[in-house]
Amino acid sequence: MHVRGFMRVTTLRWMVAALLAVGAAVWVWDAFVKYQWSPKNFGVIVSGEIYRSGELLPGTTRMVAEAREIRTIVDLGAHEPGSIEEGVAQRTADALGIDRIVFDLQGDATGDPNAYLRTLRIMTDPERQPVLVHCAAGSERTGAAVALYRQIVEGVALDDAYEETKAHKHRSRRNPRLRAVLERWSDPIREAFENGLDRVPGTEPETASSTDPHPPAGEGG
């Protein structure tokens, strides 16, 4: 019985160690390796014209750019300004001959609503297409931009446009502010977009720092 008990304990320890090793390998793959070969949270908004994703590494940037003939990248704040990652992203775009425009929105999709207005203008400019829009995770800021495009350009109802965000990893319980941004700013952004205005009604250069009346949570992507 003592020997059998010892063997059972040893086997159990090996099984636990194996499970931990597998879990660690999966975590490393998901966090560091997978996105070297597969673009994060990639999606097609309009085939041949507009695409979306999360933050891309140099290899996946080249992959998407060559496969989709990307001419313009709109980065909605994937990197800290002045960071090493920001520099790498810019050098990668430069090397590929891609125009890269950066808007510094918050990770929960809040920020200056004029950034979304300018993003819509870029997305719909034939001279800049095909366009890739991305943020860090590709779920919150990119989700808001795509939902605004669906509503303002394609005439999709807010509820239906919002549903699409869930297919790209947005979760309302984790970040209720994305929906709040759409409800607060969809109509003013539409007015500015359709009337060729430079700024969204209700914003001023010195005060338009947030699409949400509450302090940003800084989460999401």
Side-chain angles (χ1 to χ4, degrees), residues 28-149 153 168-169 189 192-193 198-200 205 208-209 211 216 218-221:
V28 170
W29 167 262
D30 191 63
F32 300 105
V33 179
K34 178 171 66 175
Y35 297 123
Q36 297 281 353
W37 309 103
S38 175
K40 181 191 295 185
N41 210 359
F42 183 79
V44 179
I45 303 171
V46 179
S47 181
E49 298 179 7
I50 313 170
Y51 301 90
R52 64 179 293 167
S53 75
E55 171 191 358
L56 299 180
L57 298 173
T60 44
T61 301
R62 178 181 293 277
M63 182 189 308
V64 172
E66 292 179 349
R68 308 293 180 168
E69 300 182 342
I70 300 299
R71 299 177 66 183
T72 308
I73 291 175
V74 179
D75 182 337
L76 299 177
H79 310 291
E80 287 293 326
S83 66
I84 293 175
E85 292 80 6
E86 168 65 23
V88 169
Q90 187 60 55
R91 289 193 295 274
T92 300
D94 292 342
L96 294 171
I98 297 172
D99 190 18
R100 179 171 176 266
I101 298 96
V102 180
F103 297 112
D104 190 21
L105 292 165
Q106 299 295 326
D108 58 2
T110 62
D112 185 351
N114 293 288
Y116 288 119
L117 171 63
R118 292 164 193 149
T119 296
L120 285 179
R121 295 204 189 285
I122 295 167
M123 293 167 72
T124 55
D125 184 351
E127 296 298 316
R128 291 184 176 274
Q129 294 172 345
V131 177
L132 172 69
V133 181
H134 80 89
C135 52
S139 59
E140 313 306 314
R141 291 165 282 196
T142 301
V146 175
L148 288 165
Y149 176 88
V153 179
H168 288 272
K169 303 184 179 180
I189 291 173
F193 182 81
D198 292 332
R199 299 195 65 81
V200 176
S209 60
T211 58
E219 63 182 51

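Predicted model only: the values in this text are computed from it and were never measured.
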Flag side-chain contact, heavy atom, 4.5 Å: [X] against [Y]:
| X | Y | value |
| --- | --- | --- |
| Y149 | T119 | no |
| L96 | I70 | no |
| V133 | M123 | yes |
| R121 | R128 | no |
| F42 | M63 | no |
| D104 | P81 | yes |

*Y116 to A145 - nearest heavy-atom pair and separation*: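 Heavy atoms only, the tightest pair is CE2-N, 3.9 Å.
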*Quick one: CD on Q106 to CD on E140, what's the gap to the nearest 0.5 Å?*
12.5 Å
*Has E80 got more than 12 heavy atoms of other residues, nucleotides or ligands less than 6.0 Å from its CD?*
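Check fails, neighbour count at 12 or below.
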*For R62, look at atom CZ and say whether over 12 heavy atoms of other residues, nucleotides or ligands are found less than 6.0 Å away.*
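Counting other residues, nucleotides and ligands, CZ of R62 stays at 12 neighbours or fewer.
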_D99, I50, I73, T72 screened by side-chain contact (heavy atoms from CB on, under 4.5 Å) with I122, the one that passes_ =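 Output: one option passes, namely T72.
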_Is there a side-chain contact (heavy atoms from CB on, under 4.5 Å) between V131 and E49? Walk through the geometry before answering._
CA-CA 6 Å; V131 177; E49 298 179 7; over 6 Å; no
